[in-house]
Structure formats: structure tokens, C-alpha cells
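Positions are given from 1, in the same order as the sequence printed here.
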Amino acid sequence: PQSQPNLHAMQKLSDLLRTNGSFAESEEFRKKLRKTIGDVEPPQIMSLLRNARQLANIRNPMASKVAQQAVIMASAYGPKSIILAKAMHVQGGVLRDLGKTNQSLDVLNQSLKMTEDLLEPDDIPIARRLHEISLTLVKQGRNQQAAEALERAIPIGIKNKDMEELPRWYHNLATAYANLKQYDKAIAAENESARIIYETGASPDLKANVENNLGCIYMRTKNYPKSEAAFKRALAAREGGRSTNQLGTEDIWWNLAFTYREERKYKQSLDALHTGMDLLVKVNPNHPSVKLFENIIKQFESEQVRYAK
């Protein structure tokens, strides 16, 4: 495989050409660099990492062993390589998803250190490492440190014009700020995420998640009209909120119902609860949240009668 020092030298030469105004030559070197890095990403290691992620998504403990196997194979490229750093990056996320946050943070910090030693401070892989670290820190309740990691990552993303990942980073920064009760900062970060999403046409699911999170933040600040509007935009992003293709839409209806309740709009609140429950029943009639919906509907019906009196 291409040695890591050679990759770093190619990056340096590309940057030097760009600094001197030789943009065409710089771009040629960047293309060659991207191809070379691609060539030294062995398909077997990449396949193991994808499998580890998929297993972690369903909380299968085998994910940890699969990720470790990928890391062992990546170690063949030397104690310091982008391939090993990437494998450890995925391994850290897998460990977090399996609830092993201390191990996750240790592995992710090693991956970050390795990447910082190999690349330049404003290279996008460094931002990705910081983002992954922030997710683990939020899981540990260390929201201030998570925010600081994302505050480092986002300027790198902006410099590299990474419009694909920036919305998620702003979205997660908003979550960290909201957990810290810094609601003005949270709203600003979530709005920036939404702005990029609408400009670039990002996925409907991400759009729904951002708008739902924004609605929850407005609820915490008791700005119910803006909360209601955000939840409605979240539902619109998911086919009007009536699609049964994905579990989770019922959560948005639930949130909207509680917003209506705070505004004393009980009819709309109950309609939202019934819609959310019906969607959930169609997806999984035995889901434990069905009973929760039923109990809240009874509670809101009782409140509606008392409020009418």
C-alpha cells in the first residue's frame, strides 16, 4: 500500500500549489490523493466496519468483536495510519452504541490524536473525529465538553464546505446547548442546521429531526406558537406525518399534542394523540408506547372536561 508519509507529502504539495495560485495543478494532486487514499482502504476492512455499524444499530454485542477484527487488520498498515484511525473511529461509535461510553471515549481520543498527527489541523477527518467524540460526551452527560468539540469541528466543516455533514453537527450542537439550558444558542444552531438543509435539499428524515428538535427547544422556552410551527414542519417532512414507513413519526405527533395542550387546544391535542397512536398501532400493535398513548388520551380528555367547566 501507499505509505502514509507519501500521502502526507502529496497533501502538502497540493496545499502549496494552491497557495501559489496553481489551482489546476493543486486539484490534480487532490484528485490523485483521494484516489490513493481510496486505493489503500481495503474492501475487507471497510466491509467489516459497515457490518459492525449495522450490528451496533440493533445493539447486537457481536458488533464489538467485528469492529475489533477490523482494527486488528488495519493495524497491519502501521501503528499510525489513516486506515487505523478510521477503523478506531468506527469502533468508538460502536462501543458507544453498545453503552460502553468510557471505552468509546478512549478509542475515539486515540483516533483523533492519530489523525491530528497525520493530517493538517483543518482537514475534514479531524472534524469527523471531534463530532464522534461529541456524541459520546453527550451520552455521558458532559454537554459542555461536547459543545466545545463541535465548536472546533464546525469551522473545519465550513472551511471545507462540507454541506453534507454540517447540518448534523449543528443539530447535535443545538442538542448540547439545550441540555445546558443555553436555549438562545440552541435555537441559533438548530436554525443554521435547518438553513443548510433547506438550501441543499438534505434528507427528509434529517429535516424532520431538526424541526422536531427545534420544536422541543421552543417548548422548553414556552414559545408554543413557534413550537407548534416547527412540529408541523417536521410532520410535513415526513409525508404529512401520516406515513407508516418509519417508526418515530408518532413521537412528533406526541410532541405536537403536548404543545396544543399548553395552548389549551384540547381538540387538536387529542386529534394529534389519536393520529400518533394509530400510526404506531399500524407499525407495531404491541409496542409498549401504545398503552402510554391510551393513558395520556384519557388524561387529556379529563382535563378537557375540567377546562370546559
Trainee: Thr101 vs Thr136, test: side chain to side chain donor-acceptor pair (under 3.5 Å). Steps then yes/no.
Mentor: CA-CA 6 Å; Thr101 57; Thr136 298; over 6 Å; no
Trainee: Of all the heavy-atom pairs spanning Ala176 and Ala146, show the shortest one and how long it is.
Mentor: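 Smallest interatomic distance, heavy atoms only, reads CB-CB, 4.5 Å.
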Trainee: Count I, L, V, M, F, W, Y as connected when their side-chain heavy atoms are under 4.5 Å apart, and connections chain through other members. Are Val107 and Leu84 then in the same cluster?
Mentor: yes
Trainee: Before accepting this row, confirm whether a basic side-chain N of the pair Lys267/Asp271 lies closer than 4.0 Å to the acidic partner's carboxylate O.
Mentor: yes
Trainee: Is there a continuous path of hydrophobic side-chain contacts, each under 4.5 Å between heavy atoms, that joins Tyr198 to Ile196?
Mentor: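 Cluster IDs for Tyr198 and Ile196 differ.
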Trainee: Considering only NZ, NE, NH1 and NH2 on the basic side and carboxylate oxygens on the acidic side, decide whether Glu132 and Arg96 come within less than 4.0 Å.
Mentor: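 Judged by the 4.0 Å cut-off on N to carboxylate O distance, Glu132 and Arg96 do form a salt bridge.
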Trainee: Under a 4.0 Å N-O cut-off, is there an ion pair linking Arg195 with Glu199?
Mentor: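 Salt bridge: yes.
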Trainee: Check step by step if ring-ring contact (aromatic ring centres under 6.0 Å, His included) holds for Trp253 and Phe231.
Mentor: CA-CA 8 Å; Trp253 282 109; Phe231 290 137; over 10 Å; no
Trainee: Please tell me whether Leu180 and Ile133 are part of a single hydrophobic cluster in this structure, the criterion being side-chain heavy atoms less than 4.5 Å apart.
Mentor: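 Not linked; separate clusters.
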Trainee: Has Ser302 got a side-chain atom pairing as donor or acceptor with Lys298's backbone, closer than 3.5 angstrom?
Mentor: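 Between the backbone of Lys298 and the side chain of Ser302 there is no qualifying donor-acceptor contact (under 3.5 Å).
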Trainee: Grab the two heavy atoms, one from Asn160 and one from Asp123, that are nearest each other, plus how far apart they are.
Mentor: ND2-C, 4.5 Å
Trainee: So do the side chains of Val290 and Pro285 get within less than 4.5 Å of each other, counting heavy atoms only?
Mentor: no
Trainee: Just wondering, do Ile296 and Leu273 contact through their side chains at under 4.5 Å, heavy atoms?
Mentor: yes
Trainee: Tell me yes or no: between the side chains of Asn209 and His171, is some donor less than 3.5 Å from an acceptor?
Mentor: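 Not at all, the side chains of Asn209 and His171 share no donor-acceptor pair under 3.5 Å.
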Trainee: Go through Lys265 and Glu228 one step at a time and tell me if the salt bridge (charged side-chain N to carboxylate O under 4.0 Å, His left out) criterion holds.
Mentor: CA-CA 11 Å; Lys265 298 177 180 178; Glu228 178 184 334; 3.3 Å; yes
Trainee: For residues Val138 and Leu173: do they belong to one hydrophobic cluster (side chain heavy atoms under 4.5 Å, members Ile, Leu, Val, Met, Phe, Trp, Tyr)?
Mentor: no
Trainee: Going through the distances and angles, do Asp278 and Lys282 end up as a salt bridge (charged side-chain N to carboxylate O under 4.0 Å, His left out)?
Mentor: CA-CA 6 Å; Asp278 289 348; Lys282 288 177 183 177; over 6 Å; no
Trainee: Do Glu190 and Lys185 touch side chain to side chain, with heavy atoms closer than 4.5 Å?
Mentor: no
Trainee: Using distance alone, with no hydrogens and no angle criterion, decide if Asn212 and Asp251 have a side-chain donor and acceptor under 3.5 Å apart.
Mentor: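 Per modelled atom types, Asn212 and Asp251 side chains form no pair under 3.5 Å.
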Trainee: Hydrogens and angles aside, do Gln110 and Asp106 bring a side-chain donor and acceptor to less than 3.5 Å of each other?
Mentor: yes
Trainee: Please list all pairs passing the salt bridge (charged side-chain N to carboxylate O under 4.0 Å, His left out) test where one or both residues lie in residues 44-63, with sequence neighbours left out.
Mentor: none
Trainee: What are the two closest heavy atoms between Ser227 and Thr259, and how far apart are they?
Mentor: OG-OG1, 3.2 Å
Trainee: Return the orientation label for the Tyr307 and Tyr266 ring planes: parallel under 30°, perpendicular over 60°, tilted otherwise.
Mentor: tilted
Trainee: Can you check whether Met277 reaches His287 side chain to side chain, under 4.5 Å on heavy atoms?
Mentor: no
Trainee: Looking at Lys232 and Tyr260, what are the two nearest heavy atoms and their distance?
Mentor: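 Closest approach of Lys232 to Tyr260: CE-OH, 3.2 Å.
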Trainee: Quick check on the hydrophobic clustering: are Leu95 and Met114 connected, directly or via other members, by side-chain heavy-atom contacts under 4.5 Å?
Mentor: yes
Trainee: Answer yes if the side chains of Arg129 and Ser111 hold a donor-acceptor pair under 3.5 Å, and no otherwise.
Mentor: yes
Trainee: Side chains of Gln54 and Asn60: do they bring a donor and an acceptor to under 3.5 Å?
Mentor: no
Trainee: Taking all heavy atoms of Ser269 and all of Ala257, pick out the closest pair and write down the distance.
Mentor: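 Result for this residue pair: OG-O, 2.8 Å.
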Trainee: Report the distance from atom OG of Ser104 to atom CD of Gln140, rounding to the nearest 0.5 Å.
Mentor: 7.5 Å
Trainee: Measure the shortest side-chain to side-chain distance between Ile187 and Tyr177 over non-hydrogen atoms and say whether it is less than 4.5 angstrom.
Mentor: no
Trainee: Please report, to 0.1 Å, the donor-acceptor pairs under 3.5 Å made by any side chain of residues 215-225, with sequence neighbours excluded.
Mentor:
{"unit_1": "Arg220", "atom_1": "NH1", "unit_2": "Ala178", "atom_2": "O", "d": "3.0"}
{"unit_1": "Thr221", "atom_1": "OG1", "unit_2": "Tyr218", "atom_2": "O", "d": "2.9"}
{"unit_1": "Asn223", "atom_1": "OD1", "unit_2": "Lys226", "atom_2": "N", "d": "3.4"}

Trainee: Could you report the tightest heavy-atom contact between Val210 and Ser193, atom names first, then the distance?
Mentor: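 Taking Val210 first and Ser193 second, the nearest heavy atoms are CG2-OG, 3.3 Å.
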Trainee: Show every salt bridge (charged side-chain N to carboxylate O under 4.0 Å, His left out) that has at least one partner inside residues 164-179, sequence neighbours left out.
Mentor: Arg128-Glu165
Trainee: If only atom types and distance count, is the side chain of Ser47 paired as donor or acceptor with the main-chain N or O of Gln44 below 3.5 Å?
Mentor: no
